[in-house]
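Below is one structure; the comments refer to it alone.
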There are 2 protein chains.
Amino acid sequence: MKKVTINSVAEYAGVSKKTVSRVLNNEPNVSPATREKVLKVFEELNYKPNPIARGLAQNRSFIIGCLYDNPSKSYITRVQSGALEACQKHSYNLLIHPCELRGQDLIDNVEQLLTTSRLDGIVLTPPFSDSKELIAFLKQRKIPYARVASAIEGDDSISIRSNDEQGAFELTEHLIKLGHTEIAFIKGHPDHSATENRFSGYQRAIAKHGIDFQPRLVAEGNFSYHSGADSAKAILDLDPRPTAVFASNDYMAAAVLKLATQREIKVPQQLSIAGFDNAPIARHIWPGLTTIAQPVEEMTRIAVEELIKHISQPQETPFQHVLEAKLITRESTQARSNS
Amino acid sequence: MKKVTINSVAEYAGVSKKTVSRVLNNEPNVSPATREKVLKVFEELNYKPNPIARGLAQNRSFIIGCLYDNPSKSYITRVQSGALEACQKHSYNLLIHPCELRGQDLIDNVEQLLTTSRLDGIVLTPPFSDSKELIAFLKQRKIPYARVASAIEGDDSISIRSNDEQGAFELTEHLIKLGHTEIAFIKGHPDHSATENRFSGYQRAIAKHGIDFQPRLVAEGNFSYHSGADSAKAILDLDPRPTAVFASNDYMAAAVLKLATQREIKVPQQLSIAGFDNAPIARHIWPGLTTIAQPVEEMTRIAVEELIKHISQPQETPFQHVLEAKLITRESTQARSNS
DNA sequence: CGACATTATGACACCGGTGTCAGACTGTAT
DNA sequence: ATACAGTCTGACACCGGTGTCATAATGTCG
């Protein structure tokens, strides 16, 4: 199996390299006959262009980088799966790069990544989607990027998010309609914009239904299971104890459920619990968690597709889009008991 | 910020490109003085070699591919994290490529991957680590590869695994020592070699303790939560019902726990449940799952490090290694009650 | 001191593509 | 027939490195 290069194709077809290149890139100004002939030789020799050589000539790598720093493994998995789908469709590859937002040398780290990998573009997932420093850096370096699940408005870059505020509003309203008025809330990581949005949705819902907002019912989390466990302790120790808990993601909700079960507080009879994200764990535990399904894969897929589109021909108008979140009810929430 | 290439460095330092290249690659036969001088210019101009150009000249990409087809997201996350660690250490990048083992065109798919990405090497995770077809293909194409958690012996390639058989043996023995004799077993995916190994460990332990092997207690799973739920139903419907269940991974064990809880079978008082892997879910549910901790990250990290080592200078003797698995006891198992 | 091995360096082709530009070949209007 | 625009094609340099080889400089030994 000898190597098949553009030269061998050109020779075999009796045309110049450049013409072969033109056919490869679907450039105009190639006669139909020539194009046919070359395409046939592609088949015959089973020719595949070398992406590295292409990359060198065009200063591209055909690689998209995905930056993340997220305690939720399932979120990352979903992000990857959406990004991969888009990449494969357009013959790009996906390079994953976990790193820390708080690392003092975030910029250095990304700089390093860029120089060693020559990425064609970067997908920023939370909390990077909202990092002004990083965004400024990428802009200055003229690296195309797309932001997933960010709340920053008025930016002129590609951005896809889902409606966190509305989702949280609906979920809270669901709890209220079940008769709950003392609804505890566990906030997410302060660096993620979703955290504020979800909290706003919660507040809007209780306000709409004339329920007083009680700061004592709010706990600070950071999306990790561990932080959920801490918040759970604080909340379940409250007196009077709330009848429902809304955690900003399913991991933290699972932690609440675990502690409640340990303390023999019956869920949902004595305590309703709800999460956010519709992570796998929401249906892997009993009772299953009522939650908000966020289209994470789809968001990321769209973000990467737009990014790739942007790379091949920069758009004037930035693509910005908001997807809807959807309420999923399971066994962990029920009407408040009269006890 | 102008582009700094090897040419500008050479010019600035007053030497030839080739000498710069020599310094870059730590080649011998460069006088200390020259080396110093060039290194200083690197600093001064902040020069970073272009990996794409390098790749073209050396026919390398500095990218390692990771193949997987695994229903357990957390397993994949752990695999990635180990692989990433090794890659970053050696300035390689990691490209992830999920695909289906059973896909009729697995080979085509990988072929495609290789031609579009020019990977320097591939890490095979289960079930690919045991795919004879794929291994034969990679061997023929002379693509370096490393196999993670495979059971095939006598192969002359890099292979790292953990001791599944021993782990399962210890866990089973733990249950036996708690007084259980009717221990149900849920098998994993038939394509994964770990499945047979874990099953053997189970059988060896009960045999050692003079317990009769009962085929009725064995259910077929495939490592997915869903398959665990099906097996759980079969097992909990048995009469007499076993007093303990050993599932081949934690997801399936979680499914057993969920069903048991739904049916108000008390765990661990009426039923002990154990899993395998020490996945996050094992400690995110109540009661926490007794399980076997497998060093997935470490296995993968070592596999990738050896792979990279092998790429830069092929070894004569293949690196093969077995890591130990460790029993972790949590609340889901306890001594059999006398009822 | 001459013969020879060793070290240090650079010129140049090459990896496998793409960009630029010039020139040949069409077709159409005058 | 002539001028001119538009289409098609190839020669050649170039992307930013590395491999090969020749040659210059240095060291070693009899």
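So that the names make sense, note that chain A is the first sequence line, chain B the second, and so on, each numbered from 1. Quantities reported herein were computed from a predicted structural model and do not represent experimental measurements. Values below: all heavy atoms of this structure, side chains included; hydrogens, waters and symmetry mates excluded.
Here T5(A) does not reach the OP1 or OP2 of dC15(C): none of its side-chain N or O atoms lies under 4.0 Å away. In terms of phosphate contacts, R54(B) brings a side-chain nitrogen or oxygen within less than 4.0 Å of OP1 or OP2 of dT18(D).
Closest to the side chain of K3(A), from the set dC15(C), dC8(D), dG10(D), is dC15(C). Of the candidates dT9(D), dG19(C), dG17(C), the closest approach to any side-chain atom of Q58(A) belongs to dG19(C). Distance from the side chain of N29(A) is smallest to dT9(D) among dA8(C), dG16(D), dT9(D). Nearest to the side chain of E27(B), among dT9(C), dT18(D), dG19(D), sits dG19(D). Taking only side-chain atoms of L56(A), from C-beta outward, the nucleotide of dA8(C), dC15(D), dG17(D) with the closest atom is dC15(D).
In this structure, L24(A) places its CG atom 9 Å from C1' of dG17(C), rounding to the nearest Å.
Taking every heavy atom of residues 7-21 of chain A and every atom of DNA chain C, pairs under 4.0 Å involve K17(A), K18(A), S21(A), by number.
Side-chain atoms of Q320(B) never come within 3.5 Å of backbone atoms of I158(B) as a donor-acceptor pair (strictly under, hydrogens ignored). Formation of a donor-acceptor pair under 3.5 Å by the T34(A) side chain with backbone atoms of V30(A) is not found in this model. Between the side chain of N50(B) and the main chain of I52(B), a donor-acceptor pair closer than 3.5 Å is present.
Residue N50(A) is in sugar-phosphate contact alone, with no base atom involved, counting any heavy-atom pair closer than 4.0 Å across all strands shown.
Considering SG of C87(A) and CG of N93(A), their distance stands at 7.0 Å, rounded to 0.5 Å.
Under 3.5 Å, the side chain of R22(A) and the base of dG10(D) form at least one donor-acceptor pair of N or O atoms.
Looking at which nucleotide of DNA chain C each of I6(A) and V30(B) is closest to, the 5′-most match is held by V30(B).
Ring geometry, F223(B) versus H192(B): the interplanar angle exceeds 60°, so the pair is classed perpendicular (tilted spans 30 to 60°).
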